[in-house]
2 protein chains.
Amino acid sequence: MLEAAEAIEILTSYLAKSGLKMTSQRRVVTEAFFDPEVTSDHPTAEELYLRVRERDSRIGYATVYRSLKILTEAGLASPGRFGDNQTRYEPESPGEHHDHFVCTECGKIVEFEDDAIEKLQIEVAAKLGFELTDHKMVLFGKPNGTCKAVCKT
Amino acid sequence: MLEAAEAIEILTSYLAKSGLKMTSQRRVVTEAFFDPEVTSDHPTAEELYLRVRERDSRIGYATVYRSLKILTEAGLASPGRFGDNQTRYEPESPGEHHDHFVCTECGKIVEFEDDAIEKLQIEVAAKLGFELTDHKMVLFGKPNGTCKAVCKT
DNA sequence: ATCCATGCAAAGGATTTGCAAAGAT
DNA sequence: ATCTTTGCAAATCCTTTGCATGGAT
């Protein structure tokens, strides 16, 4: 995953290119979002807001929403739904891609990559007459006997 | 896809089993939802509400929401998100499953099935130590030269 | 007769927006 | 100096809920 410092660099150049400005708030939101401890939880806007507040308690709710929107436009964040009816955000690294598995027992979200599936998705799109530009895939399941590491329950 | 009449039968037995009652409103909502013209659009609650109103203008918004929830519990409807930030509902037929492709040009939603992908999903889950219970997959793409039938643009 | 369902309006939760003040270039 | 951003509160959108009335078994 991207380091916070790299993310801020990318964000800064995106802002400049778009005629927008780098601010201390945007820096703090980005740092909080790319903090491994925060972001591994795929935070909701509210969860991120709480973490942001720990770093700068004067930052408002709306600023977090506005920053998440900009991070998304800059390709640094990606919103998703993982079955709990909440919009959760995760950091995007340019060039990387992964999908998600959700444990239905404990709610934990695990990331995975599967090139074979990606390839088949491209084929499916082609068969329908389209060029694949994006996809969302979320798997749900319950731990079986061999699950030791992932599920807490 | 299920005929409206079959859906109503299934719903009726689900309601009976659950100590709930079949009503004219639930019948109308189910008929509208399983009308091929309505449901091929993967309607939002509001879109369905408008179609329901054409059939019985006294039916309220809340009833449509409540009915959709019951249809979902009965396994006859399934909510999903297809990239436009709206919850859309589609009819479920017991035993069938399909995923979705969304044209990014015209927004049209196409259903597809791919057994090879489904198989790989089971394997991915197994590798993580889980038994797959469900999944959501939405592909996005733009029409290529060979797209004639699907995309209107 | 009993309990569930309905329609309405009000409440709720998540996200966005208007505005005046503060900040960045 | 100009134009963007911020924080707050109000507004908005979607969905759910409380309650009195009507309906189903």
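It should be emphasised that the depicted structure is a prediction, and the values quoted were computed from it without experimental measurement.
- Note on ring orientation: taking the six-membered ring where Trp is involved, the planes of His98(A) and His100(A) are perpendicular (angle over 60°, cut-offs 30° and 60°).
- Among the atoms of the strands shown, only primed sugar atoms or phosphate atoms (P, OP1, OP2) are found under 4.0 Å from some heavy atom of Gln86(A).
- Contacts of Arg58(A) with the nucleic acid, taken as non-hydrogen atoms under 4.0 Å apart, involve only primed sugar atoms and P, OP1 or OP2.
- Place Gly60(B) and Glu46(A) on DNA chain C by their nearest nucleotides, and Gly60(B) ends up nearer the 5' end.
- Salt bridge annotation for Asp35(B)-Arg55(B): present, with a cationic side-chain nitrogen under 4.0 angstrom from a carboxylate oxygen.
- Between Leu11(B) atom CG and dA24(D) atom C1' the separation is 14 Å, expressed in whole Å.
- Distance CG (Leu20(B)) to P (dT25(D)): 12 Å, rounded to an integer number of Å.
- OP1 or OP2 of dT15(C) sits under 4.0 Å from a side-chain N or O of Tyr65(A).
- For Arg26(A) and dT6(D), the shortest distance from a side-chain N or O to OP1 or OP2 is below 4.0 Å.
- Proximity of the aromatic rings of Phe33(A) and Tyr89(A) is defined here by a centroid distance below 6.0 angstrom, and this criterion is not met.
- When the P atom of dA14(C) is taken as reference, atom OH of Tyr61(A) falls 7 Å away, rounded to whole Å.
- Comparing Ala62(A) and Thr44(B) by the nucleotide of DNA chain D whose heavy atom lies nearest to each, the residue mapping closer to the 5' end is Ala62(A).
- Here dA5(C) presents its P atom at 15 Å from CD1 of Ile59(B), a figure rounded to the nearest Å.
- Between Tyr61(A) and Tyr49(A), the ring planes are parallel. Angles under 30° get that label, and only those over 60° would be called perpendicular.
- His42(B) and Phe82(B) have their aromatic ring centers within a separation under 6.0 angstrom.
- Of the side-chain N and O atoms in Thr23(B), none sit less than 4.0 angstrom from OP1 or OP2 of dA24(D).
- OP1 or OP2 of dG7(C) has not a single side-chain nitrogen or oxygen of Arg66(B) nearer than 4.0 Å.
- Computed from coordinates, the Leu15(A) CG to dT5(D) P distance equals 8 Å when rounded to whole Å.
- Remark: Gln25(A) is not in phosphate contact with dG23(C), judged by side-chain N or O atoms under 4.0 Å from OP1 or OP2.
- Look at NZ on Lys69(A): it is 18 Å from P on dA14(C), rounded to the nearest Å.
- In this structure, Ser24(B) reaches neither bases nor backbone, as no heavy-atom distance under 4.0 Å exists between it and the strands shown.
- The distance from atom CG of Leu68(B) to atom C1' of dT16(D) is 13 Å, rounded to the nearest whole Å.
- Nearest to the side chain of Lys21(B), among dC14(D), dT15(D), dT25(D), sits dT25(D).
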